[in-house]
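The sequence lines fix the lettering, A, B, ..., with proteins before strands; numbering per chain opens at 1.
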Amino acid sequence: MNIPEFDEIIEPNDQTEARAHHLEALRELVGNVYPNKFERSKFTGEEDTITNLLHFSAVKQVVDEIKRHISTLNEGERPHPEEKEALNAELRTFGNVRVSGRLTTTPRTMGKAAFVHLSDGKNRIQIYVRKDDVKGISNGGQREGEATPNSPLPTPDFVDGWDLFKLLDGGDFIGVEGYLFLTNTGELSIHVETLQFLSKSLLPMPDKMHGIADPELQRRYRYADLIASSLQVEHEGLTTREVFERRAKLISGMRRYLDDAGYIEVETPMLSPKATGAAARPFETYHNALDIPLYARIAPELYLKRLTVGGFEKVYELNRNFRNEGLSQKHNPEFTMLEFYCAYMDVNGMMDFAEAMIKEAVMKANNGSLVVKYGENEIDFGKFERISMKEAIAKVISKDVEKYNSSDPDVWLEDEGFQRRILAHRELKTRAFNSLHVSGWSDEELEKNRIAAENKIESEKFELWEKTKLFEHSMPTAEEAGFRVPDSIWQISVDRIMRRAENLQEVKENGLVYLFEEFVESDLIQPTFIIDYPKSISPLSKASPTNPNIAERFELFINGMECANGFSELNDPREQYERFVDQMSAREGGDDEAMVLDEDYIRALAYGMPPAAGIGIGIDRLVMLLTNKHSIRDVILFPHMKPIVKVEQTEE
RNA sequence: GGUCCGAUAGCUCAGUCGGUAGAGCAAAUGGCUUUUAACCAUUGGGUCGAAGGUUCGAGUCCUUCUCGGAUCACCA
């Protein structure tokens, strides 16, 4: 095995070498450069982190007072000395504090004194160090094993504090003891009396103005990106740290809501012998001792429903699912899902409950507001619309309502001409660049205006749909259809439409979903429950009591993204068995994402499962909405990246 | 998988028509005892993502590859 040298991991350059030299000099000066602890004072009642200190009411009062004073001054004018000194006298009565943190910049030295900010990761406080009145703490020369319980370490000696200070680099950790005061500009600071070295940053800090700019490096070295959050002086939107704090708030808000509503949190297998409960390709692994293949779960659904059989009437799990599929801005191979089930509830009750829960969690994560700005859109979590899939379709392609004298797309789909239109639309849209020739764009222009062209295709999908009327009864020529493309190319499209038309049954079955995805989904910006899904694509869902072809199922769309999926759970073991059998035959037919039969689940249902409703909520996507992030990788701390390939050096 | 864009000093970025590799920050040295992205002076720092090609000459043009981003396709 090729074990890399330390120097290959931390490559030596003028930056790292300077820091390494400082570290050696510090070792000479203070002994142990990686001491085991630093005890912070408890002036605030809690441990005095920088954040606690800044939020402590007595300190805050003084800071507010000086701010108020400064606000009465002209731009750039300094606080009046008597105001400042009065407040400083007050601060002196608090006595000394001991705080610790990371140096956010290289120290600003001015001859025999210096300023630098310390960060606890969240907040910063300025410290002031003077050559004449700073003492350094020796960490002692002890190494492992030298200190024993019977002979505690002696009180550390003092070293020259200024010598110690001069060996610090931006990013180092130190602990300081000193008193609070206000500077000439009114900034709260600590006048340091003793200084202890705690840990070295061998690598330079990210740029203090720009942080880490490259999204690749942000994600690959998330720790450095998080450090940048605490250094950066200016930034647009939320810092990376704030994104993940908001994520945590949303999650804890949901947990709290469910706990308060009597739900119990459980953990079901992440590795299971059957990857089922959703339609997706799994990750596969192998257990040596058991000598069986295992799959990373694609959904916890079937395990959680087994628990409703077992008597957990309200149960939830909030954890990762794994799907071995392509990556996109909305898809990550592992993603966090909240799934919960409630006995004796149906789909309508679940929508009510989920809506209330999401509202509450959003409020908690979004500073008490239900409105978030996402890109160009403003999303209002205050009201969730409910509309059936068919109604949503009929609303956007309303001309067909008149033609067929019915607002039920299922009626339209009975018509062979309509089926052919769908085929034509699907085919022509995938060959959409052809359609742009209609507007007279040349190949070069298309290439040059690529993004504009793609937007045009998207925005003209309705016009394209109108044109497909021609296909209802025959296959028009390119000229008849208004496409300015060579006949030979046109013929290819028509041939494909014809070939597919041989199986119009397939269109009849999937046409509804196609129309929905094509014409409705991306325009569902405000929170909308789409209800009444076709039963055929909902193998775990109960049918509607009034319509056997409709599943009692909903999906929640926000900003065109599917954010949740729920239904009245199918609890008839025999029907569930038959649905699984249908799925398995679809699998045989080549659909390797069709659901896998779970025999033990059928057995569990046979013990009797109460009527219940369930839901899965995509947490990452909700976090994206709340943080105005457009890539799921920006709301996941350590998204998967391809490893960096080191180029082999040929000579030694 | 297709298409387009990007990769230059430790970091953030310039680099024109193919003609000696640039700035700010950071680093090193010196000065400065209340600064605010502190300031002033001096110095060092580069396999221009990798490999090949065209050329008298390539950061720049061409080909292939690597990584990333965007987008389409696939996919809940």
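- Across all strands, A/R633 comes closer than 4.0 Å only to sugar-phosphate atoms, never to a base (heavy-atom distances).
- Listed here is the closest heavy atom pair of A/H630 and A/N628: NE2-OD1, 3.2 Å.
- For the pair A/R108 and B/A38, the criterion of a side-chain N or O lying under 4.0 Å from OP1 or OP2 is met.
- If you check every strand for non-hydrogen atoms under 4.0 Å, A/E562 touches a base.
- One P atom belongs to B/G59, the other to B/A70, and the distance between them is 31 Å to the nearest Å.
- Heavy atoms of A/Q218 sit nowhere under 4.0 angstrom from any nucleic acid atom.
- Using a 4.0 Å cut-off between charged side-chain N and carboxylate O, A/D634 and A/R219 make a salt bridge.
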Inset, instruction - Start with the C-alpha gap between A/N332 and A/D620, add the side-chain angles, then the distance that decides, and say whether side-chain hydrogen bond (donor to acceptor under 3.5 Å, both in side chains) holds. - result: CA-CA 9 Å; A/N332 196 60; A/D620 310 279; over 6 Å; no
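- Between the side chain of A/Q126 and the base of B/U35, at least one donor-acceptor pair of N or O atoms lies under 3.5 Å.
- Among the protein residues, A/R219 comes within range of the sugar-phosphate backbone only, with heavy atoms under 4.0 Å from sugar or phosphate atoms but none that close to a base.
- With sequence neighbours excluded, the residues forming a side-chain contact (heavy atoms from CB on, under 4.5 Å) with A/V520 are A/A392, A/I393, A/V396, A/F516, A/L524, listed by chain and number.
- The phosphate of B/A38 has OP1 or OP2 within less than 4.0 Å of a side-chain N or O from A/K208.
- Of all nucleotides listed (B/U12, B/U35, B/A70), B/U12 comes nearest to the side chain of A/A213.
- As a whole-Å value, the separation of A/Q329 CD from B/U71 C1' is 9 Å.
- A salt bridge links A/D225 and A/R222; the closest N-O separation between the charged side-chain nitrogens and carboxylate oxygens is under 4.0 Å.
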Between protein and nucleotides 27-30 of chain B, what N or O pairs are separated by less than 3.5 Å?
from, atom 1, to, atom 2, distance (Å)
B/A27, OP1, A/T106, OG1, 2.9
B/A28, OP1, A/H22, NE2, 2.9

